[in-house]
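Below is one structure, written out as structure tokens; the observations come after it.
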2 protein chains.
Amino acid sequence: MNTSGSRSPRKAKGQGAERREEILAAALKLFTEFGPYAVSTRQIAQAVGISQPTLYAYFPTKDDIGRELHGRAFALLAQSLADGDRGPIETPECLMQMLRIYIDFGLKHPEMYRIAFMSESVQIKAWWKPQDVTLSPETQSTYGVLFRELAELHGRGLTIDVEPSALTQSVWSSMHGLVSLLIAKPGFPWVERDLLISSHLKLMARGVWKA
Amino acid sequence: MNTSGSRSPRKAKGQGAERREEILAAALKLFTEFGPYAVSTRQIAQAVGISQPTLYAYFPTKDDIGRELHGRAFALLAQSLADGDRGPIETPECLMQMLRIYIDFGLKHPEMYRIAFMSESVQIKAWWKPQDVTLSPETQSTYGVLFRELAELHGRGLTIDVEPSALTQSVWSSMHGLVSLLIAKPGFPWVERDLLISSHLKLMARGVWKA
DNA sequence: TCCTGTAACCAATCAGTGATAGGTGATCAG
DNA sequence: CTGATCACCTATCACTGATTGGTTACAGGA
């Protein structure tokens, strides 16, 4: 990634996409370490080994770099959930295992999770201004995996009598709450992490499961 | 608050504190509408009717303005929770009612909640850098109210067999998750809000309550 | 081989940012 | 009247994201 500050050699004629990836990699690393707002375009450019204006040949604005990372983080999470999908859920333990994938993803890739769900900086207008917000395909697919499972459970009469979409949103937000607080407030006197996670999942499963 | 851009008359000799409050009021309004990062010190100064450097007579940095708002938001939430405290919880409905105070506060004062729990911008270093984070008195008091209630319930054997601190953190994070997502993603196709909240509370209560 | 188009890239510069330096004028106590 | 202090200002700093107007290197056609 060029940490020395030396110039990276000019790319061959059709190889601009390669440079683009280098920019994204450098930005992810820097954003993760210092936070998007504390990283300047000049720092990103230096990490890549190019001039600052060259960034604008690949991205219209700085926020667009963040937005691209955002989309990729979402896609990765959706993929993790889909990969962990072991078909119909039969027991509360099964449900807990599925939810654990979500939590594990967030804690294993805090920088990704941060950028995907917790960062308002990279797309401040979209997060701040209600009317600008639309549901990205990535969000839909992440949300969709969870919804399908719970709807299926509901159809088999195994959940409490709450419609599946409300159930999904409730469970999702509970997962998100734990993950985001664990990431955002590492200085908080949390109880032992595994204990916290397993009791959180227990709470969820107890709340969702019928009888 | 002086929206016209005209100069505010010079304060009398001992009245600097008054100006300080005007700055905080203007900053809260602007931060809420546009997000802290999209508001400049010059905009705040203009809203108050003073020059930009004058801000620095009252606050060391821009972030300190945000930090003060942060502290006040926390205090207000803690007060809401304490005010709503109706003594020992006897039924799951009682518990749900208490948790609802938290959610209602967040949705009634989204700007406060945002600044208190969701904003990394106003104190980016503290949120981003793990080692810098400590538990503020305001956080402790907010958290403390919830903990006392759940510990008391636990002592009477009315909760599932999870230690009260883990229970508290789990419940708190679930509340936070719902509130923060509702605030941050107003464009998401949420189910009807009251339904979502009541089913969320139902889930919590079912998860916490014994048998 | 020379030309031409274009992809890749850069130095110089813009307006706007948070913050600082140093000064002005009003108001008080003595 | 004097000196201190508070409230506040203009001018300016280094830095930010972004734009302008190029230059350089190379592929393919004549």
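On a predicted model such as this, the values are computed, not experimentally measured, just so you know. Each chain gets a letter, A, B and so on, in the order its sequence line appears, and its residues count up from 1.
Using the six-membered ring where Trp is involved, B/Tyr37 and A/Tyr37 have ring planes that are parallel, under 30° apart on the 30 and 60° scheme.
Every residue two or more places apart in sequence or in another chain that forms a side-chain contact (heavy atoms from CB on, under 4.5 Å) with A/Thr159 is listed here: A/Leu153, A/His154, A/Leu167, A/Val208. Judged as a salt bridge (Lys or Arg N to Asp or Glu O under 4.0 Å), and not counting sequence neighbours, A/Glu93 has no contacts. Contacts of A/Glu68 classified as salt bridge (Lys or Arg N to Asp or Glu O under 4.0 Å), with partners at least two apart in sequence or in another chain: A/Arg20, A/Arg72. Under the side-chain contact (heavy atoms from CB on, under 4.5 Å) criterion, B/Ala151 pairs with B/Phe147, B/Pro164, sequence neighbours left out. Not a single salt bridge (Lys or Arg N to Asp or Glu O under 4.0 Å) links A/Glu163 to another residue, sequence neighbours left out. B/Gln46 meets the side-chain contact (heavy atoms from CB on, under 4.5 Å) test with no other residue; sequence neighbours excluded.
Using a 4.0 Å heavy-atom criterion, one finds that A/Arg7 contacts the sugar-phosphate atoms exclusively. If you check every strand for non-hydrogen atoms under 4.0 Å, A/Leu55 touches nothing. Within the nucleic acid shown, B/Phe59 has no heavy atom closer than 4.0 Å to any nucleic acid atom.
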Report each atom pair, protein N/O against N/O of nucleotides 16-19 of chain D, whose distance is under 3.5 angstrom.
| residue | atom | partner | partner atom | Å |
| --- | --- | --- | --- | --- |
| D/dG17 | OP1 | A/Val39 | O | 3.4 |
| D/dG17 | OP1 | A/Thr41 | N | 3.4 |
| D/dG17 | OP1 | A/Lys62 | NZ | 2.9 |
| D/dG17 | OP2 | A/Thr41 | N | 2.6 |
| D/dG17 | OP2 | A/Thr41 | OG1 | 2.8 |
| D/dG17 | N7 | A/Arg42 | NH1 | 2.8 |
| D/dG17 | O6 | A/Arg42 | NH2 | 2.9 |
| D/dA18 | OP2 | A/Tyr56 | OH | 2.5 |
| D/dA18 | OP2 | A/Lys62 | N | 2.8 |
| D/dA18 | O5' | A/Tyr56 | OH | 3.3 |
| D/dA18 | N7 | A/Gln52 | NE2 | 2.7 |
| D/dA18 | N6 | A/Arg42 | NH2 | 3.4 |
| D/dA18 | N6 | A/Gln52 | OE1 | 2.9 |

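Under the salt bridge (Lys or Arg N to Asp or Glu O under 4.0 Å) criterion, no residue pair touches residues 188-208 of chain A, with sequence neighbours excluded.
The phosphate of C/dC10 (OP1 or OP2) has a side-chain N or O of A/Ser51 nearer than 4.0 angstrom.
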Once base and sugar-phosphate atoms are separated, protein heavy atoms under 4.0 Å mark nucleotides 25-30 of chain C, 5' to 3', with B, S and - as B-B---
